[in-house]
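Taking it in order: structure first as structure tokens, then the write-up.
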Amino acid sequence: MYKQEKIRPYGKEGEKGKLVEEMFDNIAPTYDTLNHRLSWDIDKGWRKKAIKQLEPFAPKTMLDIATGTGDFAILSAQMLKPEHLVGADISEGMMEIGRKKVAEKGLQDIISFQKEDCLNLSFEDETFDAVTAAFGIRNFQDLDKGLKEMCRVLKKGGHLSIVELSEPVSFPMHQLFKIYSHTFLPLVGKLISKDRGAYDYLTATIEAFPQGEEITNILKKAGFSQASFRRLTFGICTMYFATK
């Protein structure tokens with residue numbers, strides 16, 4: 001078991017998946033605002049870089065895991081022009097906001113949303129040309145199982161693109177990030193979402209989550225033939241790319 005798998009939202013006991021669902025349903029109305037403010041809008045650039053990894057392969061069918069309010073799915077549809085993209089998430093509250101955003105942008109014929117347990121996806125083997133995940137795999141109750149499921153539903157030769165928050169390792173960013181994540185992040189999270197507990201959980205999982213080479217090794221163990229990573233913005237975020 002990886003360290004972040006032991007961390008529960010609000011410090012409650014119980015199944016992590018259910019607690020994560022409850023947490024994201026609670027913060028859904030303010031999630032987009034907080035995401036952009038807490039990252040100073042840099043998260044938008046991170047998403048674009050992660051999607052650009054897939055451009056040479058022109059995927060036609062895509063799955064966005066832990067899609068949340070659909071930002072990554074919408075940007076993927078706009079940049080990659082797939083025929084169909086499924087956004088999968090455990091939180092109906094988040095996806096309901098995503099559906100409204102997709103309708104506003106006229107992408108409802110391309111993007112659909114499904115409530116899914118990311119550890120037990122309902123899709124058949126080798127369904128998708130590409131699978132993506134932005135800031136979501138850190139919340140898996142079982143990281144190995146979640147990544148194996150992503151590999152299972154991916155076609156042979158298909159690609160996985162992940163972008164995930166990470167803890168900088170070098171001076172002085174490591175020290176600055178500690179100050180930011182333990183003071184500013186939960187404070188602003190509480191002020192805007194009225195839910196400090198959710199953002200305390202965010203900090204704890206970032207610090208506990210494996211990163212870099214450790215994740216590429218986990219991806220290979222999950223069934224991917226190749227895996228690489230690239231740190232972004234001094235290591236605050238890490239981008240992963242894998243091939244089945």
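Nothing fancy with the numbering, it's 1 onward along the sequence.
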**Message:** Can you confirm whether Lys178 is buried at NZ, in the sense that more than 12 heavy atoms of other residues, nucleotides or ligands lie under 6.0 Å from that atom?
**Reply:** yes
Salt bridge [X]-[Y], side-chain N to carboxylate O under 4.0 Å:
X      : Y      : answer
Arg152 : Glu149 : yes
Glu164 : Arg138 : yes
Asp32  : Lys101 : yes
Asp144 : Lys148 : no
Lys115 : Asp89  : no
Lys12  : Glu22  : yes
Glu207 : Lys3   : no

**Request:** Examine the side chains of Tyr2 and Asp142 and answer whether a donor and an acceptor come within less than 3.5 Å of each other.
**Result:** no
**Request:** Return yes if a side-chain donor-acceptor contact under 3.5 Å exists between Tyr10 and Asn26, otherwise no.
**Result:** yes
Grab the two heavy atoms, one from [X] and one from [Y], that are nearest each other, plus how far apart they are.
X      : Y      : answer
Ile206 : Glu167 : CG2-N, 4.0 Å
Phe177 : Ser166 : CZ-O, 4.0 Å
Cys237 : Phe135 : SG-CE2, 4.2 Å
Phe72  : Ala50  : CZ-CB, 3.7 Å
Pro210 : Ile218 : CG-CD1, 4.1 Å
Gln114 : Ser122 : NE2-OG, 3.9 Å

**Prompt:** Under the ring-ring contact (aromatic ring centres under 6.0 Å, His included) test, which residues partner Phe128, sequence neighbours left out?
**Reply:**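 For Phe128, the residues satisfying ring-ring contact (aromatic ring centres under 6.0 Å, His included) (neighbours in sequence not counted) are Phe123.
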Is there a donor-acceptor pair closer than 3.5 Å between any side-chain N or O of [X] and the backbone N or O of [Y]?
X      : Y      : answer
Glu116 : Ala88  : no
Asp25  : Ser91  : no
Glu55  : Leu80  : no
His84  : Ile110 : yes
Thr61  : Asp129 : yes
Tyr180 : Gln175 : no

State, with a plain yes or no, whether a side-chain heavy atom of [X] is found less than 4.5 Å away from one of [Y].
X      : Y      : result
Val20  : Phe140 : no
Leu147 : Leu219 : yes
Ile162 : Thr238 : no
Ile137 : Leu143 : yes
Tyr240 : Leu160 : no
Ile51  : Ser161 : no
Leu75  : Lys44  : no
Thr67  : Met95  : yes

**Request:** Report the C-alpha distance between Ile65 and Thr132 in whole Å, list the side-chain angles of each, state the deciding distance to 0.1 Å, and finish with yes or no for side-chain contact (heavy atoms from CB on, under 4.5 Å).
**Result:** CA-CA 6 Å; Ile65 289 285; Thr132 59; over 6 Å; no
**Request:** Show the numbers, then the answer: is there a side-chain contact (heavy atoms from CB on, under 4.5 Å) between Leu121 and Asp117?
**Result:** CA-CA 6 Å; Leu121 296 169; Asp117 175 359; over 6 Å; no
**Prompt:** Sequence neighbours excluded, which residues qualify as salt bridge (Lys or Arg N to Asp or Glu O under 4.0 Å) partners of Arg8?
**Reply:**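 Salt bridge (Lys or Arg N to Asp or Glu O under 4.0 Å) check on Arg8 returns nothing, list empty.
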**Request:** Evaluate side-chain hydrogen bond (donor to acceptor under 3.5 Å, both in side chains) for Thr205 paired with Gln4, printing each intermediate quantity in order.
**Result:** CA-CA 5 Å; Thr205 54; Gln4 87 287 346; over 6 Å; no
Can I get a per-line list of side-chain donor-acceptor pairs under 3.5 Å for residues 223-236, giving both atom names and the distance, sequence neighbours left out?
| from | atom 1 | to | atom 2 | distance (Å) |
| --- | --- | --- | --- | --- |
| Ser225 | OG | Thr243 | O | 3.1 |
| Thr233 | OG1 | Trp46 | NE1 | 2.8 |

